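Report on the following structure.
The structure presented is a predicted model; accordingly, all values stated were derived computationally and were not measured.
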Amino acid sequence: MRFRLTDDQHALRDGLRAALARRFDADALRAAVAGTEGEGTGRRGVGGGGAEREGAGPREGGGAEAGRADGPPRLDRALWRALGDLGFFALRMPEADGGVGLGLPEAVLLFEEAGRALLPGPLVATHLAAGAVPGAATGETVVAAVDGGLVEWLGEADVVRGDTTGAVPLRSLDPLTPLHRVPAGRAAPDPVAVLLTAAEQLGTAGRVCALAAQHARAREQFGRPVGAFQAVAHLCAGILVRAETARAAVYAAAVTADPADIAAARILADEAAVRGARDCLQVHGGMGFTWESEVHLHLKRAWVRTQRAGGVTESEEALAVALAAESA
């Protein structure tokens with residue numbers, strides 16, 4: 001079986017990367033983070049009154065502002081609609097229903113690019129709602145979903161799938177992922193949601209690998225690039241090995257759609273993203289923790305993603321059950 005990308009898949013991935021470079025580059029990312037740092041910054045309110053909510057209840061704790069003294073991030077609705085125009089959300093819908101008519105492997109490629117760019121918003125929830133929630137496929141409707149005990153972007157969503165009664169705002173580690181905790185019981189995660197989260201983690205793993213290598217080549221100490229020192233070279237090599245191992249697992253799981261393959265891909269992608277971002281911080285030193293750098297943002301987003309879709313523990317249990325059944 002061939003796992004090499006086709007020419008069409010390369011074009012799809014490169015097209016989204018180019019579009020995000022125009023609409024959400026490093027400067028836009030920093031501006032989005034800066035927009036969460038205080039009130040009176042001219043941020044516009046979006047997702048206002050009259051929004052439809054599936055099973056939504058009253059939100060406690062004074063709204064999203066109560067969980068974050070410096071104000072929650074705002075979703076860029078124009079960017080969201082642009083993603084809809086590109087077919088990001090309708091990618092797997094049949095062409096007869098107005099979708100693009102592609103499959104899970106292509107969706108993984110797009111979510112990998114989204115993770116690479118640290119694109120904010122409830123991307124997985126809106127993608128899964130395409131065809132089921134009016135406007136989700138085109139980006140006109142922002143859809144959030146209860147995921148275990150958490151909901152991302154509750155305050156910005158037009159539709160929330162799941163029961164949010166008693167939702168309480170949390171101060172999120174990631175400045176571009178507002179969170180609420182809900183008391184609802186945990187449901188079995190959607191395998192597609194698990195795989196798309198793994199694809200986003202893979203995007204982060206690839207990006208921090210590139211950032212680490214770039215810094216190791218450019219930064220000089222004692223008259224030579226820091227990448228020439230063995231300790232730094234080993235860090236960069238480890239980041240690359242974990243990223244490429246995760247890439248093989250995620251791409252294979254997208255082809256097979258087997259729950260055990262998806263669980264394994266999730267485990268490897270989480271490790272590649274979190275450990276890769278941590279090692280990338282080590283390569284950058286103190287510079288990686290500054291607000292001018294995106295490295296720490298990748299680590300924070302990767303940590304938040306590890307809590308999605310049942311978390312890595314549920315994937316480990318699912319993989320263990322599958323392996324035990326094979327050996328029985």
Quiz item: Same hydrophobic cluster for Leu268 and Tyr251, using side-chain heavy-atom links shorter than 4.5 Å among ILVMFWY?
Solution: no
Exercise. Please name the residue in the list Leu20, Leu29, Val33 that meets the side chain to side chain contact (heavy atoms under 4.5 Å, CB included) test with Leu118.
Key: Leu29
Practice problem: Measure across Ala269 and Ala198 and return the closest heavy-atom pair with its distance rounded to 0.1 Å. | Solution: CB-O, 3.4 Å
Quiz item: Do you know the tightest heavy-atom contact between Ala260 and Leu319?
Solution: O-CD1, 3.7 Å
Tell me which donor-acceptor pairs under 3.5 Å the side chains of residues 96-105 have, and how far apart each pair is, sequence neighbours excluded?
none

Exercise. Taking the side chain as every heavy atom from C-beta outward, state whether Thr290 and His296 have any atom pair closer than 4.5 Å.
Key: no
Quiz prompt | Side chains of Leu109 and Leu5 in contact at under 4.5 Å (non-hydrogen atoms) | solution = yes
Exercise. Provide the closest heavy-atom pair for Ala302 versus Val274 in the form atom of the first, atom of the second, distance.
Key: CB-CG2, 4.0 Å
Quiz item: Cys236 versus Val283: any side-chain heavy-atom pair under 4.5 Å?
Solution: yes
Quiz item: Of the non-hydrogen atoms in Ala212 and Cys280, which two are nearest, and what is the gap between them?
Solution: N-SG, 3.8 Å
Self-check item: Ser172 versus Asp174, side-chain donor and acceptor atoms under 3.5 Å
Solution: no
Quiz item: Does one side chain, of Arg301 or His298, offer a donor that lies under 3.5 Å from an acceptor on the other?
Solution: no
Self-check item: In one Ile/Leu/Val/Met/Phe/Trp/Tyr side-chain cluster, 4.5 Å: Leu110, Met93
Solution: no
Quiz item: His127 and Arg92: side-chain donor and acceptor closer than 3.5 Å?
Solution: yes
Quiz prompt | Rounded distance [0.5 Å steps], CD in Glu112 versus CG in Leu16 | solution = 10.5 Å
Quiz item: Minimum heavy-atom separation for Ala254 to Val108, with atom names?
Solution: CB-CG2, 3.7 Å
Quiz item: Charged N to carboxylate O below 4.0 Å: is that the case for Arg242 and Glu271?
Solution: no
Practice problem: Would you check if the side chain of Gln9 reaches a backbone N or O of Thr6 as a donor-acceptor pair within less than 3.5 Å? | Solution: yes
Quiz prompt | Charged N-O contact under 4.0 Å between Asp147 and Arg308 | solution = no
Quiz item: CD/Glu292 to CZ/Arg30 distance, rounded to the nearest 0.5 angstrom?
Solution: 8.0 Å
Quiz item: Would you say Thr138's side chain and Gly84's backbone share a donor-acceptor pair under 3.5 angstrom?
Solution: no
Quiz item: Can you tell if the side chain of Val192 reaches within under 4.5 Å of the side chain of Leu128, non-hydrogen atoms only?
Solution: yes
Exercise. Consider only side-chain heavy atoms of I, L, V, M, F, W and Y, link residues closer than 4.5 Å, and tell whether Ile267 and Val321 are in one cluster.
Key: no
Practice problem: Report yes if some heavy atom in the side chain of Glu152 is under 4.5 Å from a heavy atom in the side chain of Val304; otherwise report no. | Solution: yes
Self-check item: Residues Glu294 and Arg207 bridged, charged N to O under 4.0 Å
Solution: yes
Quiz item: Can a salt bridge be assigned to the pair Arg17 and Asp14 using a cut-off of 4.0 Å between side-chain N and carboxylate O?
Solution: no
Exercise. Kindly compute the distance separating CG (Leu202) from CG (Leu195), expressed to the nearest 0.5 Å.
Key: 10.0 Å
Quiz item: Should the ring pair Phe88 and Phe111 be called parallel, tilted or perpendicular, given that the plane angle runs from 0 to 90° and is split at 30 and 60?
Solution: tilted
Exercise. Indicate whether any N or O donor in one side chain lies under 3.5 Å from an N or O acceptor in the other, for Thr204 and Arg305.
Key: yes
Quiz item: So do the side chains of Leu119 and Leu123 get within less than 4.5 Å of each other, counting heavy atoms only?
Solution: yes
Quiz prompt | Residue pair Leu297 / Pro175, side-chain heavy-atom distance below 4.5 Å | solution = yes
Self-check item: Same apolar cluster: Val232 and Leu211, side chain cutoff 4.5 Å
Solution: no
Quiz prompt | Reported CZ-to-NE2 distance for the pair Phe289 and His284, which is rounded to 0.5 angstrom | solution = 11.5 Å
Self-check item: Option from Ile239, Val208, Leu299 for which side chain to side chain contact (heavy atoms under 4.5 Å, CB included) with Asp279 holds
Solution: Ile239
Exercise. Take Gln201 and Thr306 through the side chain to side chain contact (heavy atoms under 4.5 Å, CB included) test and state the conclusion after the steps.
Key: CA-CA 9 Å; Gln201 294 284 58; Thr306 61; 3.7 Å; yes
Exercise. Run the numbers on Arg77 and Val142 for side chain to side chain contact (heavy atoms under 4.5 Å, CB included), then give the verdict.
Key: CA-CA 9 Å; Arg77 293 296 180 116; Val142 176; 3.6 Å; yes
Quiz item: Looking at Asp270 and Arg266, does any basic side-chain N land under 4.0 Å from a carboxylate oxygen?
Solution: yes
Self-check item: Separation between CD of Glu244 and CZ of Arg247, rounded to the nearest 0.5 Å
Solution: 4.5 Å
Exercise. Give a yes or no on whether Arg278 atom CZ has more than 12 heavy-atom contacts from other residues, nucleotides or ligands under 6.0 Å away.
Key: no
Quiz item: What are the two closest heavy atoms between Asp163 and Val146, and how far apart are they?
Solution: O-CG2, 3.6 Å
Quiz item: So does Asp27 have more than 12 non-hydrogen atoms from other groups sitting under 6.0 Å from CG?
Solution: yes
Practice problem: Determine whether His180 and Pro169 make a side-chain contact, defined as any pair of heavy atoms from C-beta on separated by less than 4.5 Å. | Solution: yes
Quiz item: CG of Leu196 to CD1 of Ile262: how many Å apart, nearest 0.5 Å?
Solution: 9.0 Å
Quiz prompt | Under 3.5 Å side-chain donor-acceptor pair for Thr256 and Asp261 | solution = yes
